Amino acid sequence: MSSRSSSDTGTGAARPRQILLLGGTTEAAALEPLLDGHPRLHATVSLAGRTRRPAPSRLPRRTGGFGGADGLAAWLRDHAIDAVVDATHPFAWQISANAVAATRRAGVPLARLTRPPWQAGPGDHWLRVPDLEAAARALPGLGRRVLITTGRQHLEAFEAAPELDYVIRTIDLPEPPPALPRVTWLRARGPFSLADEHRLLETHAIDVLVTKDSGGEATAPKLQAARERGIPVVMVDRPPDAPGVPRFHAPQATLEWLEDLARVHRDSADST
């Protein structure tokens with residue numbers, strides 16, 4: 001627990017616990033309604049700012065970076081934050097690492113809310129690789145027309161295979177775009193239905209799909225469509241979670257963790 005003062009507000013009731021939710025994902029959006037109006041938890045949502053038009057939220061919101069782990073630790077202290085929930089994308093490894101370091105420095109509990117990784121099933125033809133560079137190296141032997149759904153960052157890795165035809169689907173265009181001689185850009189925001197994904201694979205005559213192991217149901221239809229069409233998938237493995245940080249796959253379980261922290265604080269205050 002935080003080492004900051006846990007004194008009452010002077011009205012006879014302990015102040016609401018201040019929560020920082022590192023958001024921007026489906027999981028974070030599902031947790032937000034559970035925190036909205038909660039009598040013992042007051043949450044602020046932090047977004048990295050990479051998506052230009054984020055979904056609306058009823059909770060207070062801040063956008064942009066903190067200035068690394070030191071800046072985040074200072075922000076936690078300055079805003080008397082009692083707990084942090086890291087619900088960022090499974091591949092947002094830098095902010096997750098900063099969250100671990102900052103909460104340890106500030107003495108603030110941290111939990112991870114993340115979707116479970118995908119598992120290959122019967123009929124899947126997956127090649128797991130550690131990063132986008134390895135994905136690019138694997139492509140020439142798998143097909144010529146490539147669908148990439150890894151987001152708009154670090155796409156320059158595919159410049160290592162310029163002879164291929166790329167279809168790249170992102171919410172926003174990368175700035176600058178990768179130097180690829182043959183690329184079709186698709187700007188779209190999911191979720192996409194199975195029919196949508198079949199149509200995309202057929203329309204662009206896709207031979208191979210490159211995606212990140214983001215997990216979850218919202219973006220899984222592309223994997224089912226690839227399976228049903230016999231298309232191989234190059235799956236980029238997610239970075240591992242930090243040891244010692246509680247990990248939840250359900251927003252309700254995360255809320256219960258936060259409520260337990262608030263309950264411990266209340267019981268501690270009542271005993272003094």
Side-chain angles (χ1 to χ4, degrees), residues 1-90 92 94-115 171-172 189 218 245-266 269:
M1 291 296 292
S2 170
S3 60
R4 294 180 305 275
S5 171
S6 59
S7 61
D8 289 354
T9 60
T11 61
R15 67 173 177 85
R17 301 290 85 192
Q18 301 297 311
I19 311 302
L20 176 64
L21 173 59
L22 303 175
T25 60
T26 303
E27 290 69 35
L31 178 59
E32 288 184 29
L34 303 181
L35 295 171
D36 183 23
H38 196 286
R40 289 177 287 141
L41 303 172
H42 182 274
T44 298
V45 180
S46 177
L47 300 178
R50 293 193 179 101
T51 301
R52 296 192 180 100
R53 294 182 299 276
S57 173
R58 289 171 53 92
L59 297 178
R61 174 181 285 176
R62 68 169 303 281
T63 302
F66 292 93
D70 289 339
L72 177 54
W75 196 93
L76 297 177
R77 297 187 191 100
D78 292 345
H79 291 79
I81 297 299
D82 297 291
V84 176
V85 175
D86 177 9
T88 58
H89 193 275
Q94 187 62 70
I95 183 59
S96 292
N98 288 346
V100 171
T103 52
R104 288 175 179 170
R105 293 172 193 174
V108 174
L110 169 69
R112 183 84 166 103
L113 170 59
T114 185
R115 63 200 76 165
I171 297 175
D172 298 313
R189 183 192 295 269
V245 176
R247 181 176 62 180
F248 303 103
H249 294 316
Q252 181 63 41
T254 311
L255 178 68
E256 291 170 2
W257 177 80
L258 291 169
E259 289 176 333
D260 284 344
L261 292 178
R263 189 175 301 111
V264 169
H265 165 78
R266 182 191 61 196

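All values below come from the heavy atoms of this structure, side chains included, with hydrogens, waters and symmetry mates left out. Note that the structure is predicted; figures quoted are calculated from it, not measured.
Contact record, Leu35 with Ala43: CD1-CB, 3.7 Å, taken as the closest heavy-atom pair. The two residues Pro33 and Ala30 come nearest to each other via the heavy atoms CD-O, 3.4 Å. The minimum heavy-atom distance between Asp82 and Pro16, with the atom names listed, is OD2-O, 4.4 Å. Taking each heavy atom of Phe66 and Leu22 in turn, the nearest pair found is CE1-CD2, 4.2 Å. In this structure, Pro251 and Leu113 approach most closely via the heavy-atom pair N-CD1, 4.0 Å. Of all the heavy atoms in Ala83 and Leu261, the pair that sits closest is CB-CD1, 3.8 Å.
A distance-only check finds a donor-acceptor pair linking the side chain of Thr25 to the backbone of Ala87 [under 3.5 Å].
In this structure, OG1 in Thr44 is found 8.0 Å from CG in Leu59, a value given to the nearest 0.5 Å. Rounded to the nearest 0.5 Å, atoms CZ (Arg247) and OG1 (Thr254) are 12.0 Å apart. Put simply, NE2 on His89 and CZ on Arg115 are 5.0 Å apart, with the number rounded to the nearest 0.5 Å.
With sequence neighbours excluded, the residues satisfying side chain to side chain contact (heavy atoms under 4.5 Å, CB included) with Glu259 are His38, Arg40, Leu41, Leu255, Glu256, Arg263. The side chain to side chain contact (heavy atoms under 4.5 Å, CB included) test applied to Ser96 returns Asp86, Thr88, Arg112, not counting sequence neighbours. For His42, the side chain to side chain donor-acceptor pair (under 3.5 Å) test picks out Gln18, with sequence neighbours left out. Residues satisfying the side chain to side chain donor-acceptor pair (under 3.5 Å) criterion with Ser46, sequence neighbours excluded, are Arg62. Residues satisfying the side chain to side chain contact (heavy atoms under 4.5 Å, CB included) criterion with Ala253, sequence neighbours excluded, are Phe248, Ala250.
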Contacts table for residues 99-107: side-chain donor-acceptor under 3.5 angstrom, sequence neighbours left out:
| unit_1 | atom_1 | unit_2 | atom_2 | d |
| --- | --- | --- | --- | --- |
| Thr103 | OG1 | Ala99 | O | 2.7 |
| Thr103 | OG1 | Val100 | O | 3.1 |
| Arg105 | NH1 | Asp70 | OD1 | 2.2 |

How far apart are the C-alpha atoms of Gln252 and Leu34, what are their side-chain angles, what is the distance that settles it, and do they pass the side chain to side chain contact (heavy atoms under 4.5 Å, CB included) test? CA-CA 8 Å; Gln252 181 63 41; Leu34 303 181; 3.9 Å; yes

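The closest side-chain heavy-atom distance from Leu258 to Arg17 is not below 4.5 Å. Proximity of Leu72 to Leu20: side-chain heavy atoms (C-beta onward) are separated by under 4.5 Å at one or more points.
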